[in-house]
Amino acid sequence: MVKKTKSGGEDGGSEKPAGKKAPPKSGFLRDLQNYGDPDFSIYMRRAFALSMGYSQDELKKPVVGIANTFSKFNPCHRTFPDLVEAVKRGVSAAGGLPLEFPTISVHESTLAPNSMKFRNLMAMDTEEMIRAQPMDAVVMLGACDKTVPAQLMGAASAGKPAIQLIGGPQMTGRYREHRVGACTDCRRFWVEYRAGRMGETDIREVEGKLVTTAGSCAVMGTASTMAAIAESLGMTLPGTAAIPAVHADRIRAAEATGAAAVRMIRANLTPDKIITQKSIENATRVLLALGGSTNGVVHLAAIAGRVGIKLDLHRFNELSDTTPVLAAVKPVGSEFYMEDFYAAGGIGAILRELKHLLHLDCMTITGETLGERLASEEKHWVDRRVIRPFDDPFEPEGGLVALFGSLAPDGAIIKRSAATKSLFEKTGRAVVFSGLADMNDRVDDPDLDVTEDDFLVLQNVGPASPAAMPEAGFLPIPKKLLQKGIKDMVRMSDARMSGTAYGTIILHIAPEAHVGGPLAFVKSGDRIKLSVKERRLELLVDDAEIARRRKEWEKRTVPMPDRGYDRLFRESVLQAPDGCDFRFLRKE
Ligand code: FES
């Protein structure tokens, strides 16, 4: 039975001939395709909308798109069907029309050569689908490492009201007497296995215990760091970044997020009002106070670039000098996981401790300023075993710091909160691997000339290289040193490192070797000086010798991919300090 509408037509059609009028600016009839006849476009849009069974009254409501990144290739997003249903409830209850749509989903372990290569593709997909489809606001569901930054980048460029719903971290599992969570413990046990202290059967048993629930990694890896950044920017509902994926609070957060999206339409709260220089600084403080993932620096730079802001690494160091590490969630410390962090007070507790350093006038997606949010949470309980007060921190300075010098003229990053302090001021002999294959071939060679005092150097794994900046910066310690009981040594590269990894590891060296950064000219036997105190990374080779090596390097030929995304990526990707975004996607 087809209902007659107030305008009198059946199936929503008008009895009057369509007149020329301005196309709607909101709802399902906005953002029309252009046939040169807007009335025809409306007529066509309505015809197809009606074919989905929506009534005219529904189609008059503000539309909230729901960017659903559920994928059977993405185990971290396994809960998303339930979350989408909850978001829809929230949107409908608040008077909106929820319309779910798919975008690319990017998971760490199921994409070759690595997920980072596809973050920008996902950001482009997200941006264009938000812009091109008729929605007044969007709820973006993300969890695994690259999905949250990709969505924030896309939303910032699309310019419609947008709110992030985080999928949430996994709960921990048990391996014998050990409490375990992906993926700091994955690495810890793998080191034991490589050193010969665990057998094949044992490591297989561990493999089955590391990821026992849906959700993103259970530690303060990149996914949890990006969730924290999203909340600190003001792009999620307060208190929602750290809720575990399988916790009932997560479903309630989804419903509330849907309702908030409808309110954002009324307030026209677009991302450029929320992602600002000040909120980027707030998010940087939180990243530093968490000792969060080094990847967070790259992603934050990319998000900032979408609203025309440069994340200055010198300013980053100033913030690091005055921001203590307040949380001890693995890989910082050895005890706590994200479920503990959520129970301890979550991001709100960190923000309140940093309150005197933050820009409290920043707007958030609720329409409240950050200051108003924090004032309303003053009496919230905090577990001080996990989140320390500002004047009694875990570490007096921020967890990450940028290094500069002749080996990294544009900067490099070290996560000092997960590194060995006794290695911070040191000069060492370089043991160089020219790429991933070379490292794989030689690192465990018993004849490799290496001691624990050497610096392992990996080249040609930066963003513009064919390797596309994998998380290979956690260079394996040579087996013969592992067997001597060596647990850490200085390692450096133009690669990234998983946020779940640890060690005295220098990452994101810029410019990268592939484009002729000084890293390309390091040879085994060179001396390198590291000083975390002075923020220096110096290649102790004279300029004439570097110039000679550069001439040699210029003779090499590296073929460019012929076509497709590979080609676009290699031609357009920027260096780490610019977030590895594509040059044509940043806002100048
Ligand atoms: Fe998805 Fe770690 S693999 S968050």
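Residues take their numbers from the sequence shown, with the count starting at 1. One-based numbering, in listed order, for ligands and for the atoms of each.
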Ligand 1 to Cys76, heavy atom cutoff 4.0 Å, flagged ligand atoms 1 (Fe), 3 (S), 4 (S)
Looking at atom 1 (Fe) of ligand 1, is one of the N, O or S atoms of His107 less than 2.8 Å from it? no
Identify the protein heavy atom lying closest to atom 2 (Fe) of ligand 1, giving its residue, its atom name and the separation to 0.1 Å. Cys217 SG, 2.2 Å
Ring geometry between Tyr175 and His178 (parallel below 30°, tilted from 30 to 60°, perpendicular above 60°): parallel
Sort out for me which residue in Asp441, Leu458, Asn460 forms a side-chain contact (heavy atoms from CB on, under 4.5 Å) with Leu436. Leu458
Is the Phe582 ring parallel, tilted or perpendicular to the Phe569 ring (thresholds 30°, 60°)? perpendicular
Indicate whether any N or O donor in one side chain lies under 3.5 Å from an N or O acceptor in the other, for Gln575 and Asp494. no
Aromatic Phe474 / basic Arg187 pairing, under 6.0 angstrom, 45° off normal: yes
Under a 4.0 angstrom heavy-atom cut-off, which atoms of ligand 1 come close to Glu108? 3 (S)
Near Cys144 (heavy-atom distance under 4.0 Å), the atoms of ligand 1 are 1 (Fe), 3 (S), 4 (S)
Which atoms from ligand 1 have a heavy atom of Ala223 less than 4.0 Å away? 4 (S)
